[in-house]
A.B. asks: 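Quick one: the structure is below, and I'll ask about it shortly.
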There are 2 protein chains.
Amino acid sequence: MARTQGSRSEITGPLIRDVARSLFAREGYAAVSMRQIASAVGVQAGALYAYIPDKQALLFDLLESHMQDTLASWHDDPVNPPLIRLEAFVRYHIGFSLDRTDAVFLSYMELRNLTPENFDRIARLRGQYEAALEVILRDGQKTGAMQFADAKLTTLALIAMLTGVTNWYREGGRLDRQRIGDIYWSLVRGAVGAD
Amino acid sequence: MARTQGSRSEITGPLIRDVARSLFAREGYAAVSMRQIASAVGVQAGALYAYIPDKQALLFDLLESHMQDTLASWHDDPVNPPLIRLEAFVRYHIGFSLDRTDAVFLSYMELRNLTPENFDRIARLRGQYEAALEVILRDGQKTGAMQFADAKLTTLALIAMLTGVTNWYREGGRLDRQRIGDIYWSLVRGAVGAD
DNA sequence: GTCTATACATCGATAGAC
DNA sequence: GTCTATCGATGTATAGAC
């Protein structure tokens, strides 16, 4: 199977996604042109369409793969005490989010630029992730290790709080990741009445 | 001072801002055209430029006036105990945000579409608002009414948590505003170690 | 697989009539 | 103050050569 001259499909495909993720995060989906993406990749605009059907599919692919990664990388062990599981979730969510700030940003910033069908699919994945935290909270409530008024609201409140880290964190800043995890865990522990 | 025929400046001006705020929030600044705004207002696109210099100024005006409203409506009384002041802030922030979900959404969603100069001005206003919460937390820490590791991080974490309400709240939903305020206040009270 | 070239729509903003 | 008309730039996407 001879290679076409100039063919670099094995790197161009992923590169398009990397470039698009970065540009979308920085300037917004609607503000970024296909020409701009192509230029950063190092090809002409027309060449992009050998890899993706259209711009919308590119955005959806970025959001879907991010949500699937997020779900697939989280491992909960219901055998452990709820507080141990909650601490693991907090540290996982912060670490995972800080490793992919662009994707995290896109995943709640560009939902409105998805078609209704694509939006529903992403919302479903997001719901699954929220459920992963909610089940821990409900278990903790059951065993008496945690105390709060509403598991659903607490789930949404905690995820919003944790995800907010991506808005201000800068590599090499005042606090390292371990310390940030410690601080947020103590906030969460208090919020769920586990002191 | 005779009115020009067809002139409706006293309503068209504010209407442009209302329409733009709503459209920008729903579809994003970059995705909304001036023709779209004009159509929703009920004029032709060219007429918009009698009220605003350009699209960028329209966005900046929306964000700036929202941040100034947010700052101007908040009243803190340093004489009160820190926990009382914190509860007031929590309820104020939730209530004020839910009254203006579009503006709140824009104010952290469209920052990247501001020119650098405009961005700096909005960031400065945002910093003032964060400082309003931070001073309460530091006072609470001083008096021993609150306990947490880092006042700056706690400030950002709490604001992210509270603002998140705008992402899921729907009028006529399962919980009314009073109840939502109660639930979030108990989460915050726990987070700052005030139990 | 990538290029050049281009079709066709739409963009922000302006000019001049009324 | 608003209209019609339009400029010049830019948008997504496609066609056909190599």
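Numbered from 1 within each chain, the chains take letters A, B, ... in sequence-line order. Note that this is a predicted model, so its numbers are computed, not measured.
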A.B. asks: Should the pair B/Trp74 and B/Tyr92 be assigned to parallel (<30°), tilted (30 to 60°) or perpendicular (>60°) ring geometry?
C.D. replies: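 The rings of B/Trp74 and B/Tyr92 sit tilted, inter-plane angle from 30° to 60°.
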
A.B. asks: Whether A/Tyr51 contacts C/dT2 is assessed here as follows: a side-chain N or O lying under 4.0 Å from the phosphate OP1 or OP2. Is that the case?
C.D. replies: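 It does, given that an N or O in the side chain of A/Tyr51 lies less than 4.0 Å from OP1 or OP2 of C/dT2.
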
A.B. asks: For D/dT10 and A/Ser33 - does any side-chain N or O of the residue sit under 4.0 Å from the phosphate oxygens OP1/OP2?
C.D. replies: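 Looking at the OP1 and OP2 atoms of D/dT10, neither is under 4.0 Å from any side-chain N or O of A/Ser33.
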
A.B. asks: What is the distance from CG of A/Asp54 to P of D/dG11, rounded to the nearest Å?
C.D. replies: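 Taking CG of A/Asp54 and P of D/dG11, I get 17 Å after rounding.
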
A.B. asks: For C/dT2, does OP1 or OP2 lie under 4.0 Å from any side-chain N or O of A/Gln44?
C.D. replies: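 So the side chain of A/Gln44 is outside the cut-off, no N or O lying under 4.0 Å from OP1 or OP2 of C/dT2.
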
A.B. asks: Assign the ring pair B/Tyr129 / B/His93 to parallel, tilted or perpendicular, where the plane angle (0 to 90°) is split at 30° and 60°.
C.D. replies: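 B/Tyr129 vs B/His93 ring planes: parallel.
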
A.B. asks: D/dT2, OP1 or OP2 - any side-chain N/O from B/Thr12 closer than 4.0 Å?
C.D. replies: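 B/Thr12 to D/dT2 OP1/OP2: side-chain N or O found under 4.0 Å.
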
A.B. asks: Quickly work out the A/Ile37 CD1 to D/dT10 P distance and round it to whole Å.
C.D. replies: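 The distance from CD1 of A/Ile37 to P of D/dT10 comes to 17 Å, rounded to the nearest Å.
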
A.B. asks: May I ask you to decide whether A/Asp139 forms a salt bridge with A/Lys142, counting only side-chain N to carboxylate O separations under 4.0 Å?
C.D. replies: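 Yes, this pair counts.
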
A.B. asks: Evaluate the ring planes of A/Tyr29 and A/Phe24, with Trp represented by its six-membered ring, and classify them as parallel (under 30°), tilted (30 to 60°) or perpendicular (over 60°).
C.D. replies: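 A/Tyr29 vs A/Phe24 ring planes: perpendicular.
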
A.B. asks: Check this for me, if you would: do B/Glu117 and B/Arg124 make a salt bridge, where the nitrogen-to-carboxylate-oxygen distance has to be below 4.0 angstrom?
C.D. replies: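 No, B/Glu117 and B/Arg124 are not salt-bridged.
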
A.B. asks: Between A/Gln36 and A/Pro53, which residue's closest nucleotide on DNA chain D lies nearer the 5′ terminus?
C.D. replies: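 It is A/Gln36 whose nearest nucleotide is closer to the 5' end.
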
A.B. asks: Nearest-Å distance, CD1 (A/Ile52) to P (D/dT12)?
C.D. replies: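 After rounding, the reported distance stands at 10 Å.
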
A.B. asks: Distance criterion of 3.5 Å, no angle test: do you see the side chain of B/Arg35 paired donor-to-acceptor with the base of C/dT10?
C.D. replies: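 In this structure, the two groups form no donor-acceptor pair.
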
A.B. asks: For the pair made of CG in B/Asn113 and P in C/dC11, what is the distance, rounded to whole Å?
C.D. replies: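 Between P of C/dC11 and CG of B/Asn113: 16 Å.
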
A.B. asks: To the nearest angstrom, how far is B/Met34 atom CE from D/dT2 atom C1'?
C.D. replies: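 These atoms are roughly 15 Å apart.
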
A.B. asks: Whole Å only: how far is the CD atom of B/Gln56 from the C1' atom of C/dC11?
C.D. replies: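 Going from CD in B/Gln56 over to C1' in C/dC11 covers 16 Å.
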
A.B. asks: Roughly how many Å is it from OH in A/Tyr49 to P in D/dT12, rounded to a whole number?
C.D. replies: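 Between P of D/dT12 and OH of A/Tyr49: 6 Å.
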
A.B. asks: Could you tell me the separation between the CG atom of B/Leu48 and the P atom of C/dT14, rounded to a whole number of Å?
C.D. replies: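 Interatomic distance, CG of B/Leu48 to P of C/dT14: 12 Å.
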
